[in-house]
K.L.:
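Submitted below is the structure of interest, expressed as structure tokens.
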Amino acid sequence: MKESKLHAVLTAILDIVWLGLLWLVCSLPVLTLGAASTALYYAMVKCVRHERGHATKEFFRAFRLNFRQATALWLICLGVLGVGLADVYAFSQMGVRQGDFLYVLSRLLLLPVPVLFPWIFAFLSRFQNTVAGTLRFAVYLAGRHWKATLLLLLELAGTLLIAWLMPGIIPLLPGVVCLLMSLSTEPALRELSAGQGTQEDWYNE
């Protein structure tokens, strides 16, 4: 019994690290980061948390099935980030000082992406919808579960800080962070799936 539990723990740890590495490799083209994030979340919840399926197989299955929509959503995120960063640069060139309204506004324009990013791709990994519908549900989930959203923001900020201070452990971060984030997003998705239903039996176990 102890050996089986130990084996399960070691397998989970290996899957977490391996899925994180797959995410890093599949995100290298940058444009595929959305599909990779959706695949990472799906495989992490199914294979690590629910102990169903093979991590590599489930990752690439989700990557392939969600590629088009995830890429479209990620391009929207990149566009919003681009506009926000352009505003930050423009205001800095204008000599806008810290604390001024325009300075604060330019920083606030950067917030929608980190706020919605975890919800967008977690939702996409579970439900079928249009691009616009997925964005609407992400906004709804982020607002309804605002405490979880704040925690997700802190986790993202903490991850960036750790990556900056200890770049050597970057390969270990994606899987661990995704697992931690799923602790906040899964209750909300379960609540949503209770009203809409899901075709995958393992999710209801």
Side-chain angles (χ1 to χ4, degrees), residues 12-13 15-17 19-20 23-24 27 33-52 55 58-59 62-63 66 69-70 72-74 76-78 80-81 84 104 107-164 170 172-200 202-205:
I13 292 173
D15 282 345
I16 291 169
V17 175
L19 287 171
W23 179 87
L24 282 173
S27 297
L33 189 145
S37 299
T38 306
L40 172 62
Y41 187 91
Y42 178 85
M44 187 66 67
V45 173
K46 182 172 184 177
C47 301
V48 176
R49 294 193 57 176
H50 288 267
E51 300 179 353
R52 295 289 185 272
E58 297 298 338
F59 179 93
F63 186 92
N66 298 292
Q69 200 167 48
L73 287 161
W74 172 235
I76 292 172
C77 290
L78 281 180
V80 173
L81 276 178
V104 175
R107 270 58 183 178
L108 289 177
L109 289 174
L110 296 173
L111 272 180
V113 173
V115 166
L116 296 179
F117 182 92
W119 293 110
I120 288 173
F121 298 104
F123 177 88
L124 183 59
S125 75
R126 186 76 65 245
F127 302 100
Q128 292 183 350
N129 211 307
T130 62
V131 169
T134 299
L135 288 173
R136 285 196 297 270
F137 269 108
V139 172
Y140 165 78
L141 290 167
R144 177 175 174 80
H145 304 278
W146 61 270
K147 291 181 180 179
T149 300
L150 289 177
L151 182 57
L152 291 169
L153 278 174
L154 289 175
E155 289 170 349
L156 282 175
T159 301
L160 293 175
L161 179 61
I162 293 172
W164 182 63
I170 287 178
L172 303 178
L173 292 177
V176 174
V177 173
C178 181
L179 181 63
L180 288 176
M181 285 186 165
S182 73
L183 299 178
S184 299
T185 54
E186 279 302 290
L189 294 181
R190 277 191 167 280
E191 178 184 300
L192 192 61
S193 70
Q196 297 192 9
T198 177
Q199 295 180 352
E200 298 184 277
W202 62 265
Y203 191 57
N204 295 317
E205 295 176 351

K.L.:
Distance check, rounded to the nearest 0.5 Å: Cys47 atom SG versus Asp15 atom CG?
P.N.:
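Here the interatomic distance stands at 6.5 Å.
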K.L.:
Using a strict cut-off of less than 4.0 Å between a Lys/Arg side-chain nitrogen and an Asp/Glu carboxylate oxygen, indicate whether Arg144 and Glu191 qualify as a salt bridge.
P.N.:
yes
K.L.:
Do Ser193 and Phe127 have side chains that get closer than 4.5 Å, going by heavy atoms?
P.N.:
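Side-chain contact under 4.5 Å: yes.
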K.L.:
Assess whether side-chain hydrogen bond (donor to acceptor under 3.5 Å, both in side chains) is satisfied between Ser182 and Arg49, documenting all intermediate values.
P.N.:
CA-CA 9 Å; Ser182 73; Arg49 294 193 57 176; 3.1 Å; yes
K.L.:
How long is the span from the CG atom in Asn66 to the OG1 atom in Thr38, to the nearest 0.5 Å?
P.N.:
5.5 Å
K.L.:
Under the side-chain contact (heavy atoms from CB on, under 4.5 Å) test against Leu141, which residue among Leu189, Thr149, Ile120, Thr185 passes?
P.N.:
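The residue from Leu189, Thr149, Ile120, Thr185 that satisfies side-chain contact (heavy atoms from CB on, under 4.5 Å) with Leu141 turns out to be Leu189.
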K.L.:
For Ser27 versus Ala36, what's the shortest heavy-atom pair and its separation?
P.N.:
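Where Ser27 meets Ala36 most closely, the heavy atoms are OG-CB, 3.4 Å.
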K.L.:
Any chance you could measure Trp119, atom CH2, to Tyr140, atom OH, to the nearest 0.5 Å?
P.N.:
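Between Trp119 CH2 and Tyr140 OH, I get 10.5 Å after rounding to 0.5 Å.
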K.L.:
If you apply the rule side-chain contact (heavy atoms from CB on, under 4.5 Å), what do you find for Leu33 with Trp23, and how did you get there?
P.N.:
CA-CA 8 Å; Leu33 189 145; Trp23 179 87; 4.1 Å; yes
K.L.:
Rounded to the nearest 0.5 Å, how far apart are OG of Ser37 and CH2 of Trp74?
P.N.:
7.0 Å
K.L.:
Quick one: which of Leu73, Leu116, Val139 gives a side-chain contact (heavy atoms from CB on, under 4.5 Å) with Thr134?
P.N.:
Leu73
K.L.:
Can you tell me how far the CD1 atom of Ile162 sits from the CG atom of Leu172, to the nearest 0.5 Å?
P.N.:
11.0 Å
K.L.:
Heavy atoms only: give me the nearest Pro114-Leu156 pair and the separation to one decimal.
P.N.:
O-CD1, 3.6 Å
K.L.:
Side chains of Leu40 and Phe121: does their closest heavy-atom pair fall under 4.5 Å?
P.N.:
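They are not in side-chain contact.
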K.L.:
Check Ala148 against Ser184 and note the closest heavy-atom contact, atom names and distance.
P.N.:
CB-O, 3.9 Å
K.L.:
Which atom pair, heavy atoms only, marks the closest approach of Val131 to Ala72?
P.N.:
CG2-CB, 4.1 Å
K.L.:
Is a side-chain donor or acceptor of Glu51 paired with a backbone partner of Ala12 at a separation under 3.5 angstrom?
P.N.:
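Such a contact is absent between Glu51 side chain and Ala12 backbone.
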K.L.:
Using every non-hydrogen atom in the two residues, find where Met44 and Ile16 come nearest and quote the distance to one decimal.
P.N.:
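The answer is SD-CG1, 3.9 Å.
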K.L.:
Please round to the nearest 0.5 Å and tell me the distance separating atom CD of Glu186 and atom CZ of Arg126.
P.N.:
5.0 Å
K.L.:
Which atom names give the shortest non-hydrogen contact between Ala122 and Tyr41, and what distance separates them?
P.N.:
CB-CZ, 3.7 Å
K.L.:
Does the plane of the ring in Phe123 sit parallel, tilted or perpendicular to the ring in Phe137? Use 30° and 60° as the thresholds.
P.N.:
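Taking Phe137 first and then Phe123, their aromatic rings lie parallel (interplane angle under 30°).
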